[in-house]
Amino acid sequence: MKFAYRFSNLLGAVYRQGNLSFSQDGNAVISPVGNRVSVFDLKNNTSETLPLSTTKNITCVGLSPDGHLAIIVDEDGAALLVSLITRAILHHFHFHKPVNSIRFSPDGRKFVVTKENVALMYHAPGKQREFNAFVLDKSYYGPYDETTCIDWTDDSKCFVVGSKDMSTWVFGAERWANLIYYSLGGHKDVIVGCFFEKDSLDLYTVSQDGTLCVWQSDTELDGLVLKKKRDKPKVPRPGAGEEEEEEEEEKRLEGEEGEIIRGKAEAPEEKTTKNVRYKHHSKHFFNKQGDFNNLTAAAYHKPSHILVTGFASGIFHLHELPEFNLIHSLSISDQKISSISINSSGDWIGFGCSGMGQLLVWEWQSESYVFKQQGHFNNMASLAYSPDGQYIVTGGDDGKVNLKCFYLTSDCGFFPQHTSSITNVTFTSSGFVIVSASLDGTVRAFDLHRYRNFRTFTSPRPAQFSSLAVDNSGELVSAGAQDSFEIFLWSMQTGRLLEVLGGHEGPVSCLCFSPVQSILASTSWDRTVRLWDMLDSWQVKETLPLVSDGLVVAYRPDGQELAVATLNGEISFWNPHTATQTGSVSGRHDLEMGRKETDKITAKQSAKGKSFTSLCYSADGESMLAGGQSKFVCIYNIKEQMLVKKFEISCNLSFDAMEEFLDRRKMTEFGSLALVDEGAGDGDGVNISLPGVRRGDMSSRHFKPEIRVSSLRFSPTGRSWAATTTEGLLIYSIDGSMVFDPYDLDLDVTPANIRKQLRLQEWVSAIVMAFRLNEKALKQEVLETVPHAQIQVVCGFLPDIYVEKLLGFVATSLEKSGHLQFYMTWAQSLLMLHGQKLKNRSGSILPTLQALQKSIQRHFDNLSKLCDFNMYNIRYAEALSKQRGIKRAAEEDKGGEEDNDDEELSEEMSEASVEDAEMMF
C-alpha cells in the first residue's frame, strides 16, 4: 500500500455512558462514546474523535478549569491524563477500583476522585514534567456507602461529596480549625447532586426521590480559619546536610498514602474556635402531582442560579434557586436522562441518554435545540458511500436509515419508515436517491431533495429481503429473499415488479451489479454464483460453482473481476467473462477470533467455523477489504494474493470475544465469575445467552455485546474507508503526513535546489523536482509561488506523468485551502489542456476526479449559503432604507433634521459580509 490508513473518526454513536462536559469557552461538548471520547464543536458544526482509547468503557471525564487537560477513567478505574491541546496521552494511572466521579478544583491545583466510600484528593499535574503526575494529598473517609457526586466552592477551600447512604459530607481542602468535616442528612434516597452556592458555603442537595434540600451556613468562606500546625523540633541526623533534608521532605510530601481524614456522623467536639454550623432552611419536592418518577441527573449553574434536573421518564425541569421557581419543563426522550451539563455562559444545557444513545444540547432561553443527534439504538447492519464521497448512509437493526456528512456533526437525514431490521442500503449513481432493504418485506427509495420516501417496493408474497443492488443507470432495483430463495426486480420509475428470478436452491445472501454492464451477480447458500443478463430476458448467463456456501459477492470497479467470500473462510477471484477462477485467498487464520465467556472451546478451534461476511474493493481495484465476526479488518493485495495489513478496530474489553484466552483469575471451581450477573435477583444468577443471539441474552439485566464487523466500504475517492461495527461507524483515512514516498529520487533533488529553481523562475522544473521529492509542505510552497498569470503556461509544459500527480494534489489542497480561485485555476488548466489524455486512462484517475468533485461541491455549498444570506441582508437593508426615506421626506416637510441611519446600516451590513467571508476562508 502506498499510504498508511489510520483511525480518523467515530460516527453513528454520540453518547454511551458517563458524564458530559463542555469546553472552557462553552462552544464544544465532550462526550464519552464507549472507550473513546468525541468532541462536538457546536459553533463550527464539526466533530472529532480523540486519537486515544481506554481498555474498557469510559465512566467519567474530568476537565481542568483552563480546558487544557482531561482525566479519563474507565470502568475498572484505569485513568488517562490527556492533553486537549496536542491530543496526546501524558500519563497512565490506575485507581484499582471503579471511580464514580472526578472534579478539578476551580483554581486548578487539586482534583478529587470518589471511589467506593472514600474521596481522594490529588495534586493536579502542573506544567512541569513530573515523574508521577498523580500525587495523593489527602484521603477523606465518612460515607458508609458509595459516593456519587462532588462539588467545590468557588475559592477551592472546601468540597462536598454525596453518597448512596443518603448523607452529604462537607470536607475542607485544607486543615481548617473550624471545618474539618460536616455530615448532613435530611434525605430518604440516594444523593444525585450536591452544589455550593456562588461564593458561599450554602448548599443544595438533590436526591433520587425528587427532593431538594436547602442548607444555610452560619459562616462565610472568609471565616474559615487555618489550623495552626504544632511545630515538632527537628532532630538533625548526624552528617546530613540541608539538601538531604529537603529531599526527605519531598519524599514525604509525594508519598502515595497522603494524609487520612476520617469523619464521623456526629457533632464534633467544642473548641475555642466557633465551628461551622449548617441549618436546614427549606425542602422542596419535584413530584408534587404524586406520580413517582426517579430523578437521575442534576446540574447547577452558580452565576445564574439555575438548577437543571433530569428524570427517568426523559423529562427535565429548570428551576431558579433558592426560590424554587419553575422556569419550564420539557420531555426530550423516552429513556432516562443519564447526564446533564451546563456550559460556562449558562445558555446551553447538554443532555445524555444512554438508553437510546442520544446527545442533545438545549438553549433554554430561546427554547430551541442547538444540537440533537441519536445513534442507532441497535447494531448497524450496512453502510454505503455517496458517489462523490461526501455522505455516508447507514442502516441499523432498529429499522432506521441515517444519512451522515463528513464535515457536519449532525445527521443530514433520518428516515424511520421501516418497521424491522435493515439488511442493506445503497446509493443510486446520481447520488440523490437512497435505497434500503429490510426484513419487514419492503424495499424503500428515499429522495434526498425532499427527504421523503417516494417509492416502496414489495413482493407478491411476503418475503424477508436480505440483499440489495441497484444498477448503474438507477433504473433497476433488485432484492434477494432469504426464505423463498428468489430475486425480485423492480423499475425505479414506475415502481412495478418486472420479474422474479428463480433458480437458487438456498437463501440469496448477496447481490451485486456490474459497474460496466447490465449483469447481476448473485450468490447463495446453494454454493453457486449466478450471473444474470438484464438485457437478454433476465436469463442466467453463467453459473460459477463454489466449494462452500456463498456469503458475499463484489465486482471490481472496472467490472473485470469478481470476488466471492464463502463459508469456509476463503475469498475466491473469478473472471466473469470466461467464468474461470483466477485466484483465491485463505483468510480463516487472519480473522483471529476471540473466545467468548460462554464458549466451551478455545478461540483457535472456534475460528475454524468463522468466515468473512463483508468484502469491498479499493478504488483502484488493487486491494480488497475483508471483515467478519472478529475485531480485525484485513487488507489483501489481490495480485500477490497476500495479507498486507490488519486493522484492530477496537481494544475495548467491555465487548465479548475480545481476548484469545479466558482470564484465569475469574475461573473458580464453580465456573467463570464473568457468567454471574450481579444484578440478577432471582434464580442462580448465571447469565448464559441463547444460541445465535448476537448481543447477549436480552432478557438479562447485564450482557456484553460481541465485537464484529457487519459492513465495509471504500470511499470513491480512495482516501478513506468505513466500517460498521459493534462500536459504531469507524472512519479510517490516509495519513499522508506520516509517509515519506519519493518518486524518481536523485542526488540533485533537494529542497535547496528546488528553491533555487523558484528564484530563477523555472516553474516547471521546480514543480517536477518537488513532486519527485514528494513532501507535502514543499509541494504547496512551490505551487503557491507560481504567479497566477503563468498557471496555464506551466500546465501546458508539464510532463504527462506529473499531470495526474499534480491534479491529485490540487484536489487534496482545494478541500482545506482558502485560496479557492488559485487552485480552481490550476484544476481548470490541467483538465482543459490534458483532458483527452486523462480521458484515455479514466479508470486510474477516477478516484482523483471524485476527490476534486467532492472539494468543489463542498465549497459550492458553503459559498451558496453565504451568498444567499448576504443577498437577504441586502434586500432587508434596501427595504428598510426605502421605509426610512419615506419617513425622512415626511420629516423634511415638517422641517425636521435628516437622519443618517441608512449609511450606518449599510456600513454594518458590509462589515458583517466581510466578517462572514473571513470566517469562510
**OP:** Find out whether C149 and V192 are in side-chain contact, i.e. whether some heavy atom of one side chain is under 4.5 Å from a heavy atom of the other.
**Re:** no
Original post:
Can you find a side-chain donor-acceptor pair between D74 and T54 that sits under 3.5 Å?
Top reply: no
Original post:
Got more than 12 heavy atoms from elsewhere within 6.0 Å of NE2, H281?
Top reply: no
Subject >> Main-chain N/O of E727 paired with R16 side-chain donor or acceptor, under 3.5 Å >> reply: yes
**OP:** Would you tell me whether N57 and N652 have side-chain atoms, one donor and one acceptor, within less than 3.5 Å of each other?
**Re:** yes
**OP:** Answer whether the closest heavy-atom distance between the side chains of Q358 and F351 falls below 4.5 Å.
**Re:** no
**OP:** Calculate, to the nearest 0.5 Å, the distance between atoms CE and OG belonging to M121 and S139 respectively.
**Re:** 9.5 Å
**OP:** Inspect the contact between K56 and D76 and indicate whether a charged nitrogen and a carboxylate oxygen are less than 4.0 angstrom apart.
**Re:** yes
**OP:** Evaluate the side-chain proximity of V112 to I102: yes if any heavy-atom separation is below 4.5 Å, no if none is.
**Re:** no
Original post:
Salt bridge or not for D151 and K302, using N-O below 4.0 Å?
Top reply: yes
Original post:
Any side-chain heavy atom of T309 within less than 4.5 Å of one from Y300?
Top reply: no
**OP:** Please tell me if the side chains of V160 and W169 come closer than 4.5 Å, counting only heavy atoms from C-beta onward.
**Re:** no
Original post:
Under a 4.5 Å cut-off applied to non-hydrogen side-chain atoms, are N100 and E146 in contact?
Top reply: yes
Original post:
So, S101 and T114: side-chain donor and acceptor under 3.5 Å apart, yes or no?
Top reply: yes
Subject >> Lys/Arg-Asp/Glu bridge criterion (N-O < 4.0 Å) met for K227, E174 >> reply: no
Original post:
For atom CD of E363, is the number of surrounding heavy atoms from other residues, nucleotides or ligands below 6.0 Å larger than 12?
Top reply: yes
Original post:
Say you draw a straight line from CH2 of W215 to CG of L184; how long is it, rounded to the nearest 0.5 Å?
Top reply: 5.0 Å
**OP:** List for me each residue that meets side chain to side chain contact (heavy atoms under 4.5 Å, CB included) alongside S217, sequence neighbours excluded, and say none if there are none.
**Re:** L201, D202, T219, V276, Y278
Original post:
Has K115 got more than 12 heavy atoms of other residues, nucleotides or ligands less than 6.0 Å from its NZ?
Top reply: yes
Original post:
Is there a side-chain contact between F655 and S650 (heavy atoms, below 4.5 Å)?
Top reply: yes
**OP:** For residues L221 and S200, determine if any side-chain heavy atom of one lies less than 4.5 Å from a side-chain heavy atom of the other.
**Re:** no
